Engineer: 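This is the structure I want to talk about, given as structure tokens.
So that the names make sense, note that chain A is the first sequence line, chain B the second, and so on, each numbered from 1. All values derive from a computational prediction rather than experimental measurement.
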There are 2 protein chains.
Amino acid sequence: MPRKITERNDVIPILAELFRERGFAGTSLSEITERTGLGKGSLYHFFPNGKEEMGKAVLDDVANWFEYHIFAPLREGEDPYADIDYMFKATTQFFHSGRRICLVGVFALDDTRDRFSSEVQSYFGTWTKALTIALRRTDFGAAQAREIAEDVVAGIQGALVLARSQDDPKIFTRAIKRLKARTRIT
Amino acid sequence: MPRKITERNDVIPILAELFRERGFAGTSLSEITERTGLGKGSLYHFFPNGKEEMGKAVLDDVANWFEYHIFAPLREGEDPYADIDYMFKATTQFFHSGRRICLVGVFALDDTRDRFSSEVQSYFGTWTKALTIALRRTDFGAAQAREIAEDVVAGIQGALVLARSQDDPKIFTRAIKRLKARTRIT
DNA sequence: GTCTATAGATCGATAGAC
DNA sequence: GTCTATCGATCTATAGAC
């Protein structure tokens, strides 16, 4: 028997997709009620602080996903090469090969960032640090590992923006291929 | 004698900074009247189609700046090495070493892109193509020149997002240094 | 828990005096 | 050209019935 649709956790993915499409400021409660099928009463029951709390919940959900699937393995995995490769694979899937944009990236620009600055900062900071640790284990020096990690995380973000601007997912997959090559000692 | 402040062209830079800060959907007309010191009557005199026209005007202004200062030299300059170096220098200045975010990048995400898709597409597309031409002239092969150009344009965007998310302009300047190195044949 | 109804503020846009 | 006043629509959020 399928779980009841009306749980807080079931609403979050819908909110995430909406915020990705419209941005935070551009998403209205009436559109949220439409897409979730929930009245405002229900929404405020789940998120007493309204839109702000929905934004936080969505960022939190994304952070948890990345922490569990990507960051933790990078930090604590046994085979750094395999973990880095998996990072690229899982990231590509998560972003639907460039067709889906990064929610945190959307929140990172304009003044939405100020309302969620700690969440946004933590997402990119944690990613960069976890990748740095994995790269160090593949015998890169400390400085080089940090540079490559920054290059990769920034490169993924930029590729998402560029791919979306040109409506061309191949831009993203090409970027992933380049970035992946840079995580290998030559 | 300083030119009268109330000209359409004088309003555009103010609009640009506002859209950068708040995003398109997040910028209200009341805030625009506040920052420009112009009443709504005057604004609608300059921009009969309202906010939409302001958005187009601002994108147009940015596109013109880049075309004149960066794209045209890349395409038609005499010394491709110097032109590419100048691109990095001018870009760094334009983005205030990473403290200022990219207006077109802000417009490229969420559904704002749909309203300005041709402008957004043209900006990144023209940039990539112009840089590809310059790189070809420095004896890179066609395929490699295209890859590097894509890498650089995406890398700049990503570095802007990352630098802003961490409130750390050094992330941007480090990225520029790396990207610049990649435009040189080794 | 979920709904409808609605408050109160603010939105983009317009009208018309000067 | 620039202003103030104001429109109708839409916004976030709340109230209260069920």
Engineer: Quick one: pull up OG in Ser118(A) and OH in Tyr123(A) and give me the separation to the nearest 0.5 Å.
Structural biologist: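 With rounding to 0.5 Å, OG (Ser118(A)) is 15.0 Å from OH (Tyr123(A)).
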Engineer: Between atom NZ in Lys51(A) and atom P in dC11(D), what is the gap in whole Å?
Structural biologist: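 Atom NZ in Lys51(A) sits about 9 Å away from atom P in dC11(D).
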Engineer: May I ask you to check whether Phe66(A) and Phe94(A) place their ring centers less than 6.0 Å from one another?
Structural biologist: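 Distance test on ring centres: under 6.0 Å, yes.
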Engineer: Could you tell me the separation between the CD atom of Glu53(B) and the C1' atom of dA13(C), rounded to a whole number of Å?
Structural biologist: 13 Å
Engineer: Roughly, in whole Å, what's the span from CG in Leu29(B) to P in dA9(D)?
Structural biologist: 18 Å
Engineer: Report which part of the nucleic acid Gly26(B) touches: base, sugar-phosphate, or nothing (heavy-atom distance under 4.0 Å, all strands).
Structural biologist: nothing
Engineer: Heavy atoms only, 4.0 Å cut-off, all strands: where does Thr33(A) land among base, sugar-phosphate and nothing?
Structural biologist: nothing
Engineer: Taking for each residue the nucleotide of DNA chain D bearing the nearest heavy atom, is the 5' side occupied by Gly41(A) or by Glu31(A)?
Structural biologist: Glu31(A)
Engineer: For the side chain of Ser28(B), starting at C-beta, report the closest nucleotide among dA13(C), dC11(C), dC11(D).
Structural biologist: dC11(C)
Engineer: Below the 4.0 Å mark, does dT12(D) have OP1 or OP2 next to a side-chain nitrogen or oxygen of Ser30(A)?
Structural biologist: no
Engineer: Between dG1(C), dT2(D), dG12(C), which nucleotide has the shortest distance from any of its atoms to the side chain of Lys40(B)?
Structural biologist: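 Nearest to the side chain of Lys40(B) among the choices is dG12(C).
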Engineer: Can you name the one residue among Phe24(B), Phe46(B), Phe47(B) that meets side chain to side chain contact (heavy atoms under 4.5 Å, CB included) with Met54(B)?
Structural biologist: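 So, applying the side chain to side chain contact (heavy atoms under 4.5 Å, CB included) to Met54(B) and each of Phe24(B), Phe46(B), Phe47(B), only Phe47(B) qualifies.
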Engineer: Have a look at Thr36(B) and say if it touches a base, only the backbone sugar-phosphate, or nothing, with a 4.0 Å heavy-atom cut-off.
Structural biologist: nothing
Engineer: I want to verify a distance call: between dT2(C), dT12(D), dA13(C), whose nearest atom is closest to the Tyr44(A) side chain?
Structural biologist: dT12(D)
Engineer: Using whole Å, report how far CZ of Phe46(B) lies from P of dA13(C).
Structural biologist: 17 Å
Engineer: Report the distance from atom CG of Leu38(B) to atom P of dT4(D), rounded to the nearest whole Å.
Structural biologist: 11 Å
Engineer: Of all the nucleotides listed (dT12(D), dC3(C), dA13(C)), which has the minimum atom distance to the side chain of Ser42(A)?
Structural biologist: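 For Ser42(A), the side-chain atoms sit closest to dC3(C).
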Engineer: Would you kindly give the CD-to-P distance between Glu34(B) and dC3(D), to the nearest whole Å?
Structural biologist: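 Roughly 14 Å, once rounded to whole Å.
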Engineer: Could you check how far CG of Leu43(A) sits from P of dT14(D), rounded to whole Å?
Structural biologist: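 Those two atoms, CG and P, are 13 Å apart.
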Engineer: Round to the nearest Å and state the distance from Ile32(A) atom CD1 to dC3(C) atom P.
Structural biologist: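 In whole Å, dC3(C) P lies 14 Å from Ile32(A) CD1.
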Engineer: Centre of Phe116(B)'s six-membered ring, under 6.0 Å away, within 45 degrees of the axis: is that where NZ or CZ of Lys56(B) sits?
Structural biologist: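 No - Lys56(B) does not lie over the ring of Phe116(B) by the 6.0 Å and 45° rule.
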Engineer: Same cluster or not: Leu18(A) versus Leu29(A), using hydrophobic residues (I, L, V, M, F, W, Y) connected whenever any side-chain heavy atoms lie under 4.5 Å apart?
Structural biologist: yes
